[in-house]
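Just the heavy atoms: all of them, side chains too, but no hydrogens, waters or symmetry mates, feed the values below.
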Amino acid sequence: MGEPPVGAQPGVGLRDWLAQAALPLWIGAGFDPVRRLFHERLGFDGVPCNPPALRLMVQARQIATYVRAADDGHGAAGATALACMAQVRKRYWRADGAPGWVFSLAPDGTPADTRRDLYAHAFVLYACAWSYRLSGERTWLETARQTVDEITTLFGTAQVGGYLDTVPGQDGFRRQNPHMHLLEAFLALVEVGGGEVYLDHARALAVLGMRHFMLPGGAVGELFTPLWQPAAPRARTGPSRAMCLNGPGCWRNMHGWRGREQVRPSCVHRSSCMRLACAMASAPTRWPCAMR
């Protein structure tokens, strides 16, 4: 990217990149106006090079990025993102006649992979939250409410807390990552006025995280056994995940966590540039598949 100019304000280069490069690229070359869905990836020439199926998580993450960008005054793609959200709801939700959102669609629009994926469902909730914030349409709050009910039914594991990663299961492990994004989605629903019930869901995930995800030395575990024991030696760790519980705009700061005492939020810290940067960082890049 090169060195910033002397005297440049922190974040200016990032904001310029978002407004002038990343956001226009993916709402232009990265969007299919015929299907009204986002492409999975682009080549360095800007031409779509899609895999055989379009994954739900890619659509939901891109929608969340653009509705949040529009809400923060970055770009004018909010209407396109909301139209995409309506298409995603129509095509992915209960597309096979069963509860939940299918994992991916084939080029002809039929379900390609009907498994249910917690990570993708978390981003559906996040997209619903910011779609409601931008549009004011209560359809998105109702969609979120029904999706949370389906998440509880499909993925819930009451005996040990938390949720399954996928249904049907892909292996014998449980992962922190989708829970982190689900916590983020619940907090977004609280922030946009979705209701106190989402604060209860967020509390439960925060307690789960503090109890099981935080490892000695301050790292956050990634891979666990079904009973939430670190899955050594394969267990990965990373400090960045702790931001959901400890960083600016996190659970503790947003919701007044003081030891065991939890109070209702009085204000919400917002950092628009940083949130957009995080959203774009988790969205598909030009050439690889979107990574989790």
Side-chain angles (χ1 to χ4, degrees), residues 1-2 13-70 74-93 95-96 100-124 126-128 130-131 165-166 170-171 175 177-178 181 236 240 275-292:
M1 291 182 62
L14 178 58
R15 286 194 296 269
D16 288 345
W17 173 76
L18 284 168
Q20 299 172 20
L23 293 172
L25 173 69
W26 280 98
I27 205 65
F31 188 76
D32 182 346
V34 176
R35 290 186 293 182
R36 287 179 285 177
L37 296 172
F38 285 96
H39 293 297
E40 281 263 344
R41 61 183 106 159
L42 301 175
F44 284 109
D45 56 0
V47 176
C49 48
N50 289 321
L54 292 179
R55 291 170 295 171
L56 171 64
M57 69 173 185
V58 172
Q59 303 301 318
R61 293 196 310 191
Q62 293 290 65
I63 292 166
T65 296
Y66 279 94
V67 293
R68 185 62 202 266
H74 294 267
T80 300
L82 289 172
C84 180
M85 185 66 182
Q87 281 297 307
V88 169
R89 184 180 186 273
K90 176 182 178 181
R91 295 175 183 234
Y92 288 83
W93 196 21
D96 58 351
W101 300 67
V102 298
F103 186 80
S104 64
L105 295 181
D108 64 359
T110 60
D113 188 336
T114 59
R115 85 186 111 145
R116 272 43 175 178
D117 181 72
L118 181 62
Y119 182 104
H121 279 67
F123 269 96
V124 165
Y126 195 69
C128 282
W130 294 112
S131 294
D165 290 358
T166 62
Q170 59 182 348
D171 53 35
R175 290 163 178 81
N177 192 24
H181 289 300
R236 298 177 297 171
S240 62
R275 289 195 180 192
L276 279 172
C278 290
M280 291 305 298
S282 66
T285 56
R286 273 199 177 199
W287 57 274
C289 288
M291 301 299 291
R292 292 186 182 222

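- Contact detail for P107 and P52: the closest heavy-atom pair is CD-O, 2.9 Å.
- For Y119 and H181, the ring centers sit closer than 6.0 Å to each other.
- Panel note: side chain D113, backbone F103; no donor-acceptor pair is recorded below 3.5 Å.
- Across every non-hydrogen atom of G43 and C49, the tightest pair is N-SG, 3.6 Å.
- Here the straight-line distance linking atom CG of L54 with atom CZ of F38 works out to 11.5 Å at 0.5 Å rounding.
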Inset, instruction - Step by step, work out the side chain to side chain contact (heavy atoms under 4.5 Å, CB included) result for Q170 and R175. - result: CA-CA 11 Å; Q170 59 182 348; R175 290 163 178 81; 3.2 Å; yes
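- Using a 4.5 Å heavy-atom cutoff, the side chains of L105 and R91 are in contact.
- Smallest separation of non-hydrogen atoms from P178 and A122: O-CB, 4.2 Å.
- Considering only heavy atoms from C-beta on, R35 stays 4.5 Å or farther from Q87 through its side chain.
- Taking the side chain as every heavy atom from C-beta outward, M57 and F123 never approach each other to under 4.5 Å.
- Closest approach of S131 to M85, counting heavy atoms only: OG-CG, 3.7 Å.
- A distance-only check finds no donor-acceptor pair linking the side chain of T110 to the backbone of A106 [under 3.5 Å].
- Taking the centre of each ring, Y66 and F31 stay at or above the 6.0 Å mark.
- The shortest non-hydrogen separation linking T114 to P111 is CG2-CB, 3.8 Å.
- With values rounded to the nearest 0.5 angstrom, Q59 atom CD is found 4.5 Å from L37 atom CG.
- Atom OG1 in T166 sits 9.0 Å away from atom CG in L118 (nearest 0.5 Å).
- How far CD of Q62 is from CD of E40: 9.5 Å, rounded to the nearest 0.5 Å.
- A pairwise comparison of heavy atoms in P24 and L18 identifies CD-O, 3.7 Å as the closest pair.
- Annotation: side chain of L23 is in contact with side chain of T65 (closest heavy-atom distance under 4.5 Å).
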Inset, instruction - Could you go through the side chain to side chain contact (heavy atoms under 4.5 Å, CB included) check for L56 and V102 one step at a time? - result: CA-CA 7 Å; L56 171 64; V102 298; over 6 Å; no
